[in-house]
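In what follows, a structure is listed as structure tokens, so that the remarks can point back to it.
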2 protein chains.
Amino acid sequence: MKVIEVIAKIPLFSGLPKEQLAKVAGIVTEQALDKGEAIFSQGDEASGFYVVTSGMVKIFKLSSEGKEQILHFVGPGQTFGEVPMFSGERFPANAEAIEKSRVLFLPRTLFLELIKQDPFFAMRMLSELSKRLRHFNRLVEELSLKEVPGRLAAYILYLSGSKGGAEEITLSITKGHLASLLGTIPETISRILGKMSSQDIIRVQGRKIKILNRRTLEEISESGKYFL
Amino acid sequence: MKVIEVIAKIPLFSGLPKEQLAKVAGIVTEQALDKGEAIFSQGDEASGFYVVTSGMVKIFKLSSEGKEQILHFVGPGQTFGEVPMFSGERFPANAEAIEKSRVLFLPRTLFLELIKQDPFFAMRMLSELSKRLRHFNRLVEELSLKEVPGRLAAYILYLSGSKGGAEEITLSITKGHLASLLGTIPETISRILGKMSSQDIIRVQGRKIKILNRRTLEEISESGKYFL
DNA sequence: AACCTTCCTTGACTTAAATCAAAAAATAAT
DNA sequence: ATTATTTTTTGATTTAAGTCAAGGAAGGTT
């Protein structure tokens with residue numbers, strides 16, 4: 001697919017007039033990444049931001065002991081690394097492809113120009129950042145106020161909800177990544193899923209999770225409590 | 001002080017032409033708040049956002065058991081409640097004055113108009129939101145990857161001004177609020193401060209903290225580990 | 001001063017979840 | 001297929017920090 005077609009499909013750019021799109025297409029550079037390949041690290045100088053065109057990228061923090069906290073995953077059409085565009089010059093987290101992926105790099109200058117010229121572009125960017133703020137809002141709430149079973153229940157319900165109340169969902173990530181996203185470790189996830197299965201709240205087969213008792217799951221999510 | 005003078009001093013609005021300032025001044029409404037008074041609650045409909053003109057406001061989440069996680073404090077000149085302006089219509093957290101305060105309320109419509117008319121205003125807003133994203137970034141990192149002593153050490157160092165700044169700092173909040181900001185409880189803060197004092201890392205007198213051993217404090221902050 | 005809140009500290013105890021270790025399953029590679 | 005690598009599970013143990021309870025200190029008010 002041509003770069004300009006790819007760009008036209010990215011929500012951030014959709015709606016831009018054709019000449020603008022062509023301009024963007026002329027400036028961006030594409031990058032192919034293997035699984036596990038790093039895109040940038042915390043503290044790196046940021047001279048632009050990225051858009052995923054295929055594959056999946058994780059944005060994460062590392063502790064000094066090597067524990068990883070995933071902030072979020074970025075899939076096709078989504079952007080990452082925009083924050084240093086506005087305040088500060090360095091990336092506040094790490095980015096790494098978790099599967100074979102392609103990303104576009106957009107230099108800061110292009111970006112600032114678009115904002116100045118097009119108030120709708122600015123609005124779209126504001127909307128994007130505020131969505132991310134909401135996400136962090138929830139992440140902080142869960143990390144601080146819910147126990148791990150509550151976070152896991154909330155995540156399962158979130159996955160099921162986005163598919164319009166589907167009773168069976170499929171994880172698009174490993175359970176290890178899920179653990180890191182929920183601020184815990186694989187062992188703990190494994191134990192909780194096991195316990196929930198034995199109580200017929202869910203049924204787990206590999207990456208497929210079937211919700212058997214939504215009501216209980218909601219209680220665990222809301223109260224943040226669940227006795228193993 | 002006149003409302004227009006107050007507004008002119010708010011970073012978000014500084015730089016706006018006089019007619020714009022006058023327009024803003026004509027639209028905003030002022031609100032006086034007593035200590036402990038709520039401004040909005042999570043889930044409330046948002047029809048605008050706020051600027052603190054005096055006093056101090058806390059933005060926080062509550063667990064179902066009543067535990068509080070403070071997201072941040074908002075002081076004079078700073079804004080809060082802008083996120084629902086762009087995505088969603090409801091406040092994602094609670095806001096409450098922690099001392100006698102005054103806030104200005106700015107309706108959403110005014111705001112959207114300013115953004116459309118003035119790209120610099122949009123830029124300033126983007127800069128503000130990205131600053132907040134950085135803050136959440138750090139909060140998530142600390143909650144998930146550092147133990148409480150690490151978070152506390154980082155906070156003390158932050159107050160002192162990361163470089164070889166002031167050796168004596170004064171908390172502007174209660175230790176209970178500090179606990180809530182760091183995602184823990186007053187007892188834990190008390191114990192850690194006590195231990196650090198007994199090891200001559202700091203000296204605590206009421207709300208004043210004197211740094212005696214910055215090196216050790218930095219180690220605790222960076223490694224996130226400290227054996228009580 | 002004496003009173004009353006609010007805030008802070010200390011001690012004994014409990015608990016959720018991390019760590020360590022090792023095996024079993026599932027995927028991918030040759 | 002067979003091996004190799006990654007992912008997941010299970011069990012025993014440790015630990016950081018939360019809970020409960022009660023006593024002090026500090027600050028504001030009359």
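In what follows, every chain begins at residue 1, and chains take the letters A, B, ... in the order their sequences are listed. What you see is a predicted model, and the numbers here were worked out from it, not measured in a lab.
- A:K9 is linked by a side chain to side chain contact (heavy atoms under 4.5 Å, CB included) to A:M1, counting only residues two or more places apart in sequence or in another chain.
- With sequence neighbours excluded, no residue forms a salt bridge (charged side-chain N to carboxylate O under 4.0 Å, His left out) with A:R151.
- B:S160 places no side-chain N or O within 3.5 Å of a backbone atom of B:Y158 that could act as its donor or acceptor partner.
- As rounded to whole Å, 9 Å separates atom P of D:dG18 from atom CD1 of B:I192.
- Put simply, CG on B:L182 is 11 Å from P on D:dG18, counting in whole angstrom units.
- For the salt bridge (charged side-chain N to carboxylate O under 4.0 Å, His left out) condition, no pair includes a residue of residues 171-180 of chain B, sequence neighbours left out.
- Taking the centre of each ring, A:F49 and A:F105 stay at or above the 6.0 Å mark.
- Residues satisfying the salt bridge (charged side-chain N to carboxylate O under 4.0 Å, His left out) criterion with B:E222, sequence neighbours excluded, are absent altogether.
- For B:E187, there are no salt bridge (charged side-chain N to carboxylate O under 4.0 Å, His left out) partners, not counting sequence neighbours.
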Under 3.5 Å, which N/O atoms of the protein pair with N/O atoms of nucleotides 8-11 of chain D?
residue, atom, partner, partner atom, Å
D:dT8, OP1, A:K175, N, 3.0
D:dT8, OP2, A:K175, N, 3.0
D:dT8, OP2, A:G176, N, 2.9
D:dT9, OP1, A:K175, NZ, 3.4
D:dT9, OP2, A:S190, OG, 3.1
D:dT9, O5', A:S190, OG, 3.0
D:dG11, N7, A:R191, NH1, 3.0
D:dG11, O6, A:R191, NH2, 3.2

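- One interatomic measurement links the two molecules: OH of B:Y226 to P of D:dA17, which rounds to 12 Å at whole-angstrom precision.
- The nearest whole Å value for the distance from the CG atom in A:L152 to the C1' atom in C:dA16 is 15 Å.
- The ring-ring contact (aromatic ring centres under 6.0 Å, His included) analysis of residues 170-206 of chain B, with sequence neighbours excluded, yields the pairs B:F73-B:H177.
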*When you look at B:Y226 and B:Q199, which way does the side chain to side chain donor-acceptor pair (under 3.5 Å) test go after all the steps?*
CA-CA 12 Å; B:Y226 175 56; B:Q199 294 185 353; 2.9 Å; yes

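- Contact check on A:E168 versus A:R203 returns no salt bridge, with no Lys/Arg side-chain nitrogen under 4.0 Å from an Asp/Glu carboxylate oxygen.
- Taking five base pairs at each end of the helix from C:dT9-D:dA22 to C:dT30-D:dA1 and finding the rotation axis that steps the C1' atoms of four pairs onto the next four gives two axes whose angle is 50°, to the nearest 10°.
- Distance NZ (B:K146) to P (C:dA18): 18 Å, rounded to an integer number of Å.
- Annotation: side-chain hydrogen bond (donor to acceptor under 3.5 Å, both in side chains) contacts involving residues 60-73 of chain B, sequence neighbours excluded, comprise A:E141-B:K61, A:S144-B:Q69, B:K58-B:E68, B:E68-B:S180.
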Extract from the structure each pairing of a protein N or O with an N or O of nucleotides 28-30 of chain D at less than 3.5 Å, listing the distance.
none

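- Between A:K195 atom NZ and C:dA16 atom P the separation is 12 Å, expressed in whole Å.
- Non-hydrogen atoms lying under 4.0 Å from DNA chain D are contributed by nothing in residues 62-73 of chain A.
- When rounded to the nearest whole Å, the span between CD1 of A:I98 and P of D:dT6 equals 15 Å.
- Remark: the backbone N or O of B:E219 is paired with a side-chain donor or acceptor of B:S223 at under 3.5 angstrom.
- To the nearest angstrom, C1' of C:dT9 lies 16 Å from CD of B:Q205.
- Within the structure, side-chain hydrogen bond (donor to acceptor under 3.5 Å, both in side chains) contacts touching residues 29-48 of chain B (residues at least two apart or in different chains) are B:E30-B:R102, B:E45-B:R90.
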